[in-house]
Amino acid sequence: MDVINGLAQGFGVALMPANLMWCFIGCFLGTIVGILPGLGPAATIAMLLPLTYGMGPASGIIMLAGIYYGAKYGGSTTSILLNMPGESSSVVTCLDGYQMARRGRAGAALGIAAIASFIAGSFGIVALTLVAPPIAAFALSFSSPEYFALMFLGLALVVLLSGESLLKGLMSLLVGLWLTSIGTDLFTTQSRFTFGQSSLLGGVDFMIVAIGVFAIAEVLSSIKDREETQVLPVPRGLRNLLPNWAELKACRFAFFNGSITGFIIGVLPGAGSSIASFISYGIEKSVSKHPEKFGTGVPEGVAAPEGANNADTGGALVPLLTLGIPGGGTTAILLSALVLWGVKPGPLMMQDSPDVFWGLVASLYIGNVMLLVLNLPLVPLFAQILRIPVFVLHPLIFGIAIIGAYSVSGNLFDIGLLAAFGLLGFIMSQLKYPVSPLILGFVLGDAMERALRQSLIMSQGELSILFSRPISAVMLAIAVLILLSPLLPRFRQMKQQAISENG
Amino acid sequence: MRRDLVRDGDVISAAAIAALGVYVIATASKWDYTTIEGPGPGFFPIWYGIGMVALSLLLIGSKFLKPSVLREPAPVDWAGLSRAAVTWLAFVGCAALLKPLGFTISFALLCFFLVAFVFGRPLRTAFVTAAASAAGFYLVFSFALSVSLPTGLLGF
Amino acid sequence: MRARMIMPTCLALTAAVAFASPAWAEFKPTRPLELVVHSGPGGGNDILGRALIAAINDAKLSPVRIQINNKVGGGGASAAAYLAEKKGDPNVIGVFTSVWVTNPLAQAEANVTMRDLTPISLLVLEPAVLVVRADSPFKTINDVIEAAKAKPGTLKQSGGSVLARDAVVRQVLMSKTGARWSFISFPSGGERISALLGGHVDMMVIEPAEAGELIRSGKLRALVQFTEERLDEFKDVPTLKEAGIDVPNVPQPRGILGPPDMAPDVLKYYEDLIDKASKSPGWQKFVRDNLLQSKVMNAKDTSAFLNEHEKEMRDILSGAGVKLVR
């Protein structure tokens, strides 16, 4: 009953014309700025935060929530059209989204991203409204061994992401693990693989790696192959601009998977939305009837990670609103914005500032609908980017990549790194090394090493802490099953051979 | 036979990763493998370093053991590769010019170079494209969105 | 006609200013100012920087815009290197904190020390409290110490980098009392608190503002505060001295600094600006809301303070077994 009363009050706040307008402005600006690679939700909110000074806390947080959501929607656009991830959680979207665009289904991919975002985003908010306290308690039960198991499970997905050669996939993964350990070791302040460069002390930013190995490498490859005429077929006619029924049907499970995976991983303070998008993609591929088609432009390969990315928003707000704990960079800046307005997020926020709390929740519902309505008509518009002739488009991609990389850290050193990763990605694609395991290793390696070391400090060196806890034991068992799965066909073959020899 | 092997990108790349693995192991062995608190900074790198060496040797080994994989490699598209290399060098050049010249000018130069020489368009087209896109970037990002772009000695 | 008259006057004035003796040269910014912080959006220094700018804007103290520039990476090393590069540029200042002092001590690559830069003004000292979960058996800091002595290494504290204040506080307590417990590093504040709330670690040293709501709602309990005098919000919590442990308080200073060799008139301008800003109602409210301790010092005193701080940290860190490079 409290929930219904609260929501009614929240909608009362959020539906006030002024607040509705702020929500719309937030969604709109968030989408526009979020499209730019490098400017993820956190940076977008930080950039637009000053606009909200002088508003009341309710209006302000409603606008910020709009920006948060808008930036999440905007992130997938460049992934699909230019193979350039708009933010770290849209990296996985490149794998199938860009391939769809190459097959002339750019509009469909953008449409599916928007629809998946809407469905999973709505699921995330409903879950936030209904089960926030118990799910927060569940998140707190996750300790370092569970995080280790989660990251290990994620790394096991390499088996599914490797394509032709598992060996090359594993090597690519190890290079990713190496790249992610560059920088300062948190536990001892030992600097690792920094080559004496102070710019490397903070490590390499994920966005720099992703823009380099995806976007820059893609431009180099297509210049090598002299894809002079239209690289990407431009969809014509409204029917070709939106997803068709068959594509939507293929995504049924992906919507569900993205919603659940994104929300649950979003709640965990030690895992981010990029991890959620990877894991949902892995789940999608492992249950698919045609896993071999992943990476060639299947719609569910777009729907799952984009859905997870948006359900993550609802999840990430759970610890923030119930406990006052920021789960990641974006919620950290929301927290600081709330504090600047004098609202104190925490277990008592629901009682102390119900208008802010429920206004925020209600505005998430409204913002989600608004973004779907705002984004679907934009799809045909964005798809027009592909009409730009290649000789203009390729330099433009370089320009956007430079600006995107620079906006991450404001350090020119990173542009040099961007060039290096572009070359690395190009060489890898020429030699048929899959790139996604490298990205996977980069995202998860750091967190896995940390969780392992935390666990072993907790247990004073006892390895048993990793598999004596039920949740982590189950996840590790699944990971081992996935790792052994490539041997399965061979095993079956041997068995069949044995049978035929005996018979 | 030998020449094919050397030209085989797999063997070269695997050798490169093996070398990286050796470097990782050598560097990481100087750091604490364990400390009084728990595993040290050298703990994890040593293991993936060993993995790198092992897997690359496995890949090289599989190339020798399975001659079937050693079929005549597809002819290398040297013209295409040199186009890509020139493009990449132009990008590096642009990155190097960002500090003295700032984004707008360096990007215009990069754009001009690519359009004129890599894509072989007339100089006029290249000039117009470069000027228009550089100005467009400046207007959209610096002016409208106030995203800070790298500025040069001239102040923009 | 008027315009023609004004032009030469302007020129003459400019010339007069340009040739004037440095004694009455005065700096006034004409371009937007840049405030460099070493944390990303939402980090401690970022919030402080944004609050300072908001306070300056509210009180209309600056003739030009001030914008935040997040130079993330290397625990302050990137931001420090950036400031060092801006030598002679009067339009850039930065927010420093304790890691700007400790980081160069422990890392060879972080080669810009506070001595290379120009400290302008200390702003605040952040107090800290030691918290445990509300259902923890520990009621006082001495319970913790006794338990840690009984079973060395089994109690766990969650925290950040080993150079951060919470780790330093642990070192100070351990070397004073002879107790030993382990320290588990987590990259973000959210993960540290989650580990404590989930019962995976036993205690945490935390800024009062960060823990305030969790204490008020009865999820956490503060055992001791690392302050000279009890904070108004924590009247029932003893200070370390009152609990009978006589060790120096490890402060977490935050303040403003500039690029190397700042010209005297520029330094004077910023000293005045920060001094005025620190008295503005917006800033006072921020300090109050976040339970900070206001401690505004001029440039000379700030330099002296930082030197002293560095000496103190050097002793503590080397005592803790951290390898120092400077």
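Chain A is the first sequence line, chain B the second, and so forth, proteins listed ahead of strands; every chain is numbered from 1.
- The distance from atom CZ of C:F186 to atom OH of A:Y147, rounded to the nearest 0.5 Å, is 9.0 Å.
- Among the residues in residues 157-164 of chain C, those with a non-hydrogen atom closer than 4.5 angstrom to a non-hydrogen atom of chain A are C:G160, C:S161, C:V162, C:L163.
- C:Q107 and A:T184 are linked by a side-chain donor-acceptor pair at a separation below 3.5 angstrom, with hydrogens and angles left out of the test.
- In this structure, A:F413 and C:S78 have side chains that are not in contact, with every pair of non-hydrogen atoms separated by 4.5 Å or more.
- With a 4.5 Å cut-off on non-hydrogen atoms, A:L186 touches chain C through its backbone and its side chain both.
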* To do: Could you please spell out the steps behind the side-chain contact (heavy atoms from CB on, under 4.5 Å) verdict for A:I325 and C:L197?
  => CA-CA 10 Å; A:I325 299 176; C:L197 285 174; 3.5 Å; yes
* Please walk me through it: do C:S194 and A:F142 pass side-chain contact (heavy atoms from CB on, under 4.5 Å)? -> CA-CA 9 Å; C:S194 301; A:F142 253 62; over 6 Å; no
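- Only the backbone of A:Q197 comes within contact range of chain C, judged by heavy atoms closer than 4.5 Å.
- Atom OG of A:S407 sits about 11.0 Å away from atom CG of C:N70, to the nearest 0.5 Å.
- Options A:G324, A:S199, A:P347 differ in how many heavy-atom pairs under 4.5 Å they form with chain C, and the most are formed by A:P347.
- Counting only heavy atoms from C-beta outward, the side chains of A:L323 and C:E213 never approach each other to under 4.5 Å.
- With a 4.5 Å cut-off on non-hydrogen atoms, A:P319 does not touch chain C at all.
- Applying the side chain to side chain donor-acceptor pair (under 3.5 Å) definition to pairs two or more places apart or across chains, those involving residues 455-471 of chain A are A:E146-A:R469.
- With rounding to the nearest 0.5 Å, the separation of CD in A:Q351 from OG in C:S217 is 9.0 Å.
- Looking at C:D58, neither its backbone nor its side chain comes within 4.5 Å of chain A, counting heavy atoms on both sides.
- If you tally non-hydrogen atom pairs under 4.5 Å between each of C:A167, C:P187, C:S182, C:A51 and chain A, the highest count goes to C:P187.
- We find the CG-NZ distance between C:D289 and A:K344 to be 6.5 Å, quoted to the nearest 0.5 Å.
- When C:A209, C:G153, C:A106, C:A195 are compared by the number of non-hydrogen pairs under 4.5 Å with chain A, C:G153 comes out ahead.
- Both the backbone and the side chain of C:K71 come within less than 4.5 Å of a heavy atom in chain A.
- In this structure, A:D352 and C:R216 have side chains that are in contact, with non-hydrogen atoms separated by less than 4.5 Å.
- Side-chain atoms of A:S191 and C:E109 include a donor-acceptor pair closer than 3.5 Å.
- Side chain of C:H200 to main chain of A:L140: a donor-acceptor pair is present (N/O by atom type, distance under 3.5 Å, no hydrogens or angles).
- Within a 6.0 Å sphere centred on NZ of C:K219, heavy atoms belonging to other residues, nucleotides or ligands number 12 at most.
- For chain A, the nearby part of C:F183 is the backbone; its heavy atoms alone come within less than 4.5 Å.
- For C:A81, the part lying under 4.5 angstrom from a heavy atom of chain A is the side chain only.
- In this structure, chain C has a heavy atom under 4.5 Å from the side chain of A:S144, while its backbone stays farther away.
- Heavy atoms of other residues, nucleotides or ligands lying less than 6.0 angstrom from NZ of C:K323 number 12 at most.
- Between the side chain of A:Q454 and the backbone N or O of C:S185, at least one donor-acceptor pair lies under 3.5 Å.
- Note: A:S141 leads A:G203, A:S141, A:A42 in heavy-atom pairs under 4.5 Å with chain C.
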